[in-house]
Q: 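Can you keep this structure in mind? I'll have questions shortly.
These values consider heavy atoms only, across backbone and side chains, with no hydrogens, waters or symmetry-generated copies.
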Amino acid sequence: MKKGKEFIFPENVDKDYGIWKDYTLKDFGYATLAGLIGLVFIAIPPYGLILVLIKIVIVVLAMTIVMAILTIRPVSARKNIKVRDHFNMKRRYTNSQKLFYLKAKKRGELSEIEKDQVK
């Protein structure tokens, strides 16, 4: 029994250029930018030993979060979908206009607005 046409999308299809493992040029740009911001944050005074250690811990946590967002794939079956893309898709859906269907009215029946106007 034939099911019909089956579409298969290869896992390696992606619009970005891969440089190393699953990281792209854009990913390296984000990681470099996060690293530079971290170095600037560490370079800002005060320079006490404990404060510098706290700043280094904050920068390491921030870099870990950035690398996690770049590495994690939310859909395990699709290796070309990244967390960034998933968040952007959710944000676009939330901001998009939704289509709501109204209940069909019967013939001769007045709508709520028309009922208010008659009173």
Q: Within this structure, what is the NZ-CG distance for the pair K26 and L70, rounded to the nearest 0.5 Å?
A: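 One finds 10.5 Å between NZ of K26 and CG of L70.
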Q: Quick one: do Y30 and V83 end up in the same hydrophobic cluster if we chain Ile, Leu, Val, Met, Phe, Trp and Tyr together by side-chain heavy atoms under 4.5 Å apart?
A: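 No: no chain of side-chain contacts under 4.5 Å links Y30 to V83.
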Q: Going from CD1 on I44 to CG on L39, what distance comes out if it is rounded to the nearest 0.5 angstrom?
A: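 These two atoms lie 11.5 Å from each other.
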Q: Can you confirm if the NZ or CZ of K82 lies within 45° of the ring axis of F87 and under 6.0 Å from the centre of its six-membered ring?
A: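 Ring-cation test returns no.
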Q: Provide the closest heavy-atom pair for F28 versus T32 in the form atom of the first, atom of the second, distance.
A: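 Of all heavy-atom pairs spanning F28 and T32, the closest is O-OG1, 2.7 Å.
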Q: Could you tell me whether R92 and D85 make a salt bridge, using a distance below 4.0 angstrom between a side-chain N and a carboxylate O?
A: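 No salt bridge links R92 with D85.
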Q: Any chance you could lay out the side chain to side chain contact (heavy atoms under 4.5 Å, CB included) test for L53 and I50, step after step, and finish with the verdict?
A: CA-CA 5 Å; L53 289 176; I50 294 177; 5.5 Å; no
Q: How long is the straight-line distance from CD1 of I54 back to CD1 of I58, given to the nearest 0.5 Å?
A: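 Taking CD1 in I58 and CD1 in I54, the distance rounds to 7.0 Å.
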Q: So do D27 and T24 actually touch side chain to side chain, heavy atoms under 4.5 Å?
A: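 Heavy-atom side-chain distance check passes, below 4.5 Å.
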Q: Can you tell which of I65, T71, I72 makes a side chain to side chain contact (heavy atoms under 4.5 Å, CB included) with I69?
A: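 So, applying the side chain to side chain contact (heavy atoms under 4.5 Å, CB included) to I69 and each of I65, T71, I72, only I65 qualifies.
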Q: Out of curiosity, does V52 fall in the hydrophobic cluster containing V59 (side-chain heavy atoms, cut-off under 4.5 Å, transitive links)?
A: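 Same cluster: V59 reaches V52 through Ile, Leu, Val, Met, Phe, Trp or Tyr contacts under 4.5 Å.
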Q: May I ask you to test the K55-P46 pair for a side-chain heavy-atom distance under 4.5 Å?
A: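 They are in contact (side-chain heavy atoms under 4.5 Å apart), so the answer is yes.
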Q: Evaluate H86 against R91 for side chain to side chain contact (heavy atoms under 4.5 Å, CB included), listing each step before the verdict.
A: CA-CA 9 Å; H86 190 66; R91 183 179 43 82; over 6 Å; no
Q: Return yes if some donor-acceptor pair links the side-chain N/O of K98 with the main-chain N/O of Y93 below 3.5 Å, else return no.
A: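 Such a contact is found between K98 side chain and Y93 backbone.
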Q: How far apart are the closest heavy atoms of M63 and G35, and which atoms are they?
A: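 That closest heavy-atom pairing would be SD-N, 3.5 Å.
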Q: Among the clusters formed by ILVMFWY side chains lying less than 4.5 Å apart, do V57 and F41 turn up in the same one?
A: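 V57 and F41: separate clusters.
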Q: For L25, does the CG atom have more than 12 heavy-atom neighbours from other residues, nucleotides or ligands under 6.0 Å away?
A: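 No - once you tally the heavy atoms of other residues, nucleotides and ligands closer than 6.0 Å, there are 12 at most.
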